[in-house]
Amino acid sequence: MATLQELTQRVKDAVGEDAGLGKTFKIDLRGEGFIHIDGGVVTNDDKPADLTVSVKHADLEAMGRRQLDPMTAVMTGRLKLSDTGLAMSLQPQMQALFSKLG
């Protein structure tokens, strides 16, 4: 499993100049740290975000490798969303981002 720094670098590489989300996005790794995305800026800061996804580090990597379906993760409580409506509207962008993390 990648370290937080390695995972953050993968996110930075995937985001590039701009994540294309149009909103701030935070991944809460449930006690293992945070990844905050604001446009093209990716940090490990625990700052407020329009959408927060709470997921274990291992489950995030499994989604990136397409071994865990994000919808299944939500349904089973392995992935929690701060705003389901916003997450649904950003689903294509989030899937594209997660797919680059594997």
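Of all non-hydrogen atoms in Ala19 and Ile37, the two that sit nearest each other are CB-CG2, 3.8 Å. Scanning both residues, Ala73 and Met63, for their nearest heavy atoms gives CB-SD, 4.4 Å. Of all heavy-atom pairs spanning Val55 and Ile27, the tightest one is CG1-CG2, 4.0 Å.
No option in Val15, Val11, Thr43 other than Val11 meets the side-chain contact (heavy atoms from CB on, under 4.5 Å) test with Ile35.
Under the rule for a side-chain contact (heavy atoms from CB on, under 4.5 Å), the partners of Gln67 that lie at least two apart in sequence or sit in another chain are Ala62, Arg65. Residues forming a side-chain hydrogen bond (donor to acceptor under 3.5 Å, both in side chains) with Glu17 (at least two apart in sequence, or on another chain): none. By the side-chain hydrogen bond (donor to acceptor under 3.5 Å, both in side chains) test, Arg66 pairs with no residue at all, sequence neighbours left out. Here Gln93 pairs with nothing under the side-chain hydrogen bond (donor to acceptor under 3.5 Å, both in side chains) rule; sequence neighbours left out. Not counting sequence neighbours, the partners of Asp13 by the side-chain contact (heavy atoms from CB on, under 4.5 Å) test are Gln9. By the side-chain contact (heavy atoms from CB on, under 4.5 Å) test, Ala49 pairs with Thr24, Lys26, His36, Thr52, sequence neighbours left out. In this view, Val74 and Leu79, Leu81 satisfy the side-chain contact (heavy atoms from CB on, under 4.5 Å) rule, not counting sequence neighbours. Shown here are the side-chain hydrogen bond (donor to acceptor under 3.5 Å, both in side chains) partners of Asp69, two or more places apart in sequence or in another chain: Thr72.
One finds the CG atom of Leu68 at 12.0 Å from the CE atom of Met71 (value rounded to the nearest 0.5 Å). Remark: Thr3 OG1 to His57 NE2 distance equals 7.0 Å, nearest 0.5 Å. Of the inter-residue distances, the one linking Arg10 atom CZ with Glu61 atom CD reads 5.0 Å to the nearest 0.5 angstrom.
Pairs of residues two or more places apart, or lying in two chains, never qualify as salt bridge (charged side-chain N to carboxylate O under 4.0 Å, His left out) while including a residue from residues 29-43. Residue pairs meeting the side-chain hydrogen bond (donor to acceptor under 3.5 Å, both in side chains) criterion with at least one partner in residues 73-89, sequence neighbours excluded, are Asp59-Arg78.
In this structure, the side chains of Phe25 and Val53 come closer than 4.5 Å at one or more pairs of heavy atoms. Contact check for Phe34 versus Asp28: side-chain heavy atoms found under the 4.5 Å cut-off.
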Item to complete: Could you go through the side-chain contact (heavy atoms from CB on, under 4.5 Å) check for Leu29 and Leu4 one step at a time?
Response: CA-CA 9 Å; Leu29 295 170; Leu4 177 60; 3.6 Å; yes

